[in-house]
Structures are given as structure tokens and as C-alpha cells.
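Notes follow the structure.
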Amino acid sequence: MNRVEHVMGFPVSLRIDDEGGGSRMDETADALFAWLREVDARFSPFRPDSEVCRYDRGELRLPQLSADLTEVLDLCEQYRIATGGAFDVRLPGRPLDPCAVVKGWSVQRAAELLTAAGARRFILNAGGDVVVSGGPWRVGVRHPEHADQLCTVLELTDGAVATSARYERGDHIVDGRTGRPATGLLSLSVVAASLTEADATATAAFAMGPEGVDWAAARPGCEIFAVDTERRVRRTPGFPVATVAA
């Protein structure tokens, strides 16, 4: 099965290679994309009627929030503390924006729907952030300065990879400690067991700048590939770079 839909502002592609499954996998794919559309409606900081916006305006109090939003806000707070405030979804003068956690968290949940339905070999790509199962799968990481090139290709069997960079939305990641855009890195990719961890760690580390590379590398279960503004590459020994076939 191959399917692509545009959700949450970016293309989401799903490929399932399991034999059989038929209509059951079709129904699961329907549920997966319905979940992502629900997340967009509930957690978008750009929709005035979303739960996030209503909470930010004071129309909802903390005890009234859904368990899902409470979980997301708890994760945001964990990363704020862990980065000394560099990662912060409550920047002065800006609305509450938990998207840096919501994306990876929601797509990981979507992947878990697939697993629960019996899918064993699949790849789920949400705007370049990827969850895989039953590999090996090869995943390319875009070059931070040349859209038609890759800076590395990795091989994953089960797990996730997320990249934070400046090439899609410019200097959109802000260092919460200074209130200024984080410009010390060109891109930073994180491999982890879940996309929740990979995506949030990549964004948090990027917000920290060059010091974020060591911070992310020290997190249990995380492997890093980073390019700084001097075009120097830093990579942890366990980052799963694909081998070239003979």
C-alpha cells in the first residue's frame, strides 16, 4: 500500500509492505489519517477554535484539558527544563505553540495504530520526519543548503529519525533563553526509538545551538548527525549511516 495526504501543513506518506491485510490495512490507513487531521484541529496554534488556542486565551483551565494535551504540555515542560529554557513553547509576545512536540508525538501515535493493526513492515514519512518498522529501510537526510542533494543516508530497521533545520521555514526556531532565532547550526538529525523523542530532541538541540549537539548526543538512545554554520559535520558513532553496496 502507498498513500499520501496533506495534513498539518505538510505531506504525509505511508507505505505498508506487508502481504495480505487488504481492507483491514485500508481501514487502518483511514484511521491513521483521520487521527492526524484530528490532531491538527485540536492542537493547531493557528486555528482559533483549537484546544490549544482556547487554553492560551484562558477559556480552558488546566483541569479541563484533554489527557492528550496535558501529556503534550508535560513533554514540553520536560524539554524546557532539560535545555535550561532554550526550548520553550511559551515565548514572550507569542501565542502558545507546542507544534515542536505535537508533530513527532502524533505521528508516533499514528505508527502505533499501524502496529496494533498487525502491520509489521512500513514507513511513515511526515514532512521528512520518519518512523519505520520491519526494515531495513534507507532514509535520506536533505542537504541543508542544496535541496536537490542529500548530506547522508541512514539505514533503519525499527525506529525514527527527525531533522531540524533552517531550509524550509528560515530562522523559525527560537532560543528561549535569548528570544532570538537559533542560528548556530544548519541542520541536526536525531535517530531514536520513537519519533516523539527524535523530533522534540532535534528541535530542542537546534534551539540550543552548537552546545545542543553534545546535549542531544548525551540523551539515552539518541544518535546525532549535525552540520554547523562552518559546514562541519558532527556525528555520534552509533548513527546508522547506510553502507554502500559492493
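- A cation-pi geometry, defined here as NZ or CZ lying under 6.0 Å from the six-membered ring centre and within 45° of its normal, holds between Arg121 and Trp137.
- Side-chain atoms of Arg120 and Ser133 include no donor-acceptor pair closer than 3.5 Å.
- If you check the side chains of Ser66 and Glu51, you find a donor sitting under 3.5 Å from an acceptor.
- Checking side-chain atoms of His146 against main-chain N and O of Asp148 turns up no donor-acceptor pair under 3.5 Å.
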- [ ] Verify salt bridge (Lys or Arg N to Asp or Glu O under 4.0 Å) between Arg231 and Glu145, making sure each step is shown before the conclusion.
- [x] CA-CA 10 Å; Arg231 284 72 183 172; Glu145 297 179 302; 2.4 Å; yes
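- Within the 4.5 Å cutoff, side-chain heavy atoms of Thr152 are placed close to those of Phe239.
- For the atom pair CG of Leu69 and CG of Leu60, the computed distance is 8.5 Å after rounding to the nearest 0.5 Å.
- Atom CH2 of Trp35 is separated from atom CG of Asp40 by 12.0 Å, given to the nearest 0.5 angstrom.
- For the pair Val139/Val153, no side-chain contact is recorded, criterion being any heavy-atom separation below 4.5 Å from C-beta on.
- The closest donor-acceptor contact from the side chain of Gln64 to the backbone of Arg61 lies under 3.5 Å.
- For the atom pair Glu211 CD and Leu185 CG, the distance stands at 10.0 Å (nearest 0.5 Å).
- Here the side chains of Arg37 and Val7 are in contact, with some heavy-atom distance below 4.5 Å.
- Looking only at distances, no side-chain donor or acceptor of Asp88 sits under 3.5 Å from a matching main-chain atom of Leu91.
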Task: Check against salt bridge (Lys or Arg N to Asp or Glu O under 4.0 Å), Arg109 and Glu71 - done: CA-CA 13 Å; Arg109 281 273 195 97; Glu71 179 181 346; 3.3 Å; yes
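- Residues Leu150 and Val141 fail the side-chain proximity criterion, which asks for heavy atoms closer than 4.5 Å.
- Side-chain atoms of Arg180 and Asp175, non-hydrogen and from C-beta on, never get closer than 4.5 Å to each other.
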TODO: Please step through side-chain contact (heavy atoms from CB on, under 4.5 Å) for the pair Leu156 and Val161, ending with a clear verdict.
DONE: CA-CA 9 Å; Leu156 281 178; Val161 58; 4.2 Å; yes
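- What you find for Ser44 and Cys53 is that their closest heavy atoms are O-SG, 3.6 Å.
- A distance-only check finds a donor-acceptor pair linking the side chain of Ser50 to the backbone of Arg47 [under 3.5 Å].
- Counting only distance, with no hydrogens or angles, the side chain of Glu155 and the backbone of Arg138 share no donor-acceptor pair below 3.5 Å.
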Task: Audit row: Phe122, Thr115, side-chain contact (heavy atoms from CB on, under 4.5 Å) steps and yes/no - done: CA-CA 9 Å; Phe122 63 81; Thr115 302; 3.8 Å; yes
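- When the side chains of ILVMFWY residues are joined at heavy-atom separations under 4.5 Å, either directly or via intervening members, Ile81 and Trp105 end up in two distinct hydrophobic clusters.
- Here Pro98 pairs with Val52, Val72, Cys76, Leu96, Val102 under the side chain to side chain contact (heavy atoms under 4.5 Å, CB included) rule; sequence neighbours left out.
- Within a 6.0 Å radius of CZ in Arg57, other residues, nucleotides and ligands contribute more than 12 heavy atoms.
- Under the 3.5 Å distance criterion, the side-chain polar atoms of Asp129 are left unmatched by any main-chain donor or acceptor of Gly104.
- Side-chain atoms of Ile173 and Pro181, non-hydrogen and from C-beta on, never get closer than 4.5 Å to each other.
- Hydrophobic cluster membership of Val4, counting Ile, Leu, Val, Met, Phe, Trp and Tyr whose side-chain heavy atoms lie under 4.5 Å apart directly or via other members: none, as it forms a cluster of its own.
- In this structure, CG on Leu65 lies 10.5 Å from CZ on Arg42, to the nearest 0.5 angstrom.
- With Arg234 contributing its side chain and Arg232 its backbone, the two residues share no donor-acceptor pair below 3.5 Å.
- When all heavy atoms of Leu124 and Ala111 are compared, the closest pair comes out as CD2-N, 4.0 Å.
- Between Leu113 atom CG and Phe33 atom CZ the span is 11.5 Å, to the nearest 0.5 Å.
- Pairing each heavy atom of Ala162 with each of Ala202, the nearest pair is O-CB, 3.9 Å.
- Remark: the Thr196 side chain and the Gln108 side chain contain no N/O donor-acceptor pair separated by less than 3.5 Å.
- Counting heavy atoms from C-beta outward, Leu154 and Pro240 have side chains that approach closer than 4.5 Å.
- The pair Asp56-Arg54 does not count as a salt bridge, with every side-chain nitrogen at least 4.0 angstrom from each carboxylate oxygen.
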TODO: Just do the side-chain contact (heavy atoms from CB on, under 4.5 Å) check on Arg3 and Arg15 with the steps written out, would you?
DONE: CA-CA 7 Å; Arg3 186 161 160 183; Arg15 173 178 164 181; over 6 Å; no
Open item on the list: Between Asp26 and Arg24, is the salt bridge (Lys or Arg N to Asp or Glu O under 4.0 Å) condition met? List the steps.
Closed with: CA-CA 5 Å; Asp26 289 333; Arg24 181 164 53 87; over 6 Å; no
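- Legend: residues meeting side chain to side chain contact (heavy atoms under 4.5 Å, CB included) with Ala204, ordered by chain and number and at least two apart, are Tyr79, Thr83, Phe87, Trp215.
- With hydrogens and angles disregarded, a donor-acceptor distance shorter than 3.5 Å links the side chain of Asp158 to the backbone of Gly134.
- Look at Arg219 and Glu197 and you find a salt bridge, because one of the NZ, NE, NH1 or NH2 atoms lies within 4.0 Å of a carboxylate O, short of that distance.
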TODO: Tell me, with the steps shown, if Ser164 and Thr203 meet side chain to side chain donor-acceptor pair (under 3.5 Å).
DONE: CA-CA 6 Å; Ser164 287; Thr203 305; 3.3 Å; yes
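- Remark: Lys103 is not positioned above the aromatic ring of Phe43, lacking an NZ or CZ atom under 6.0 angstrom from the ring centre and at most 45 degrees off the axis.
- Counting all heavy atoms, side chain and backbone alike, Ala86 lies closest to Ala207 at O-CB, 3.5 Å.
- At a threshold of 4.0 Å, the pair Arg80-Glu77 counts as salt-bridged, since one of the basic side-chain nitrogens sits closer than that to a carboxylate oxygen.
- Looking at every heavy atom in both residues, Pro11 comes nearest to His6 through N-CD2, 3.7 Å.
- For Asp199 against Ala100, the heavy-atom pair with the smallest separation is OD2-O, 3.6 Å.
- Side-chain contact check for Ser106 versus Leu36: some heavy-atom pair is nearer than 4.5 Å.
- None of Asp18, Leu14, Val131 except one satisfies the side-chain contact (heavy atoms from CB on, under 4.5 Å) rule with Leu114; the exception is Leu14.
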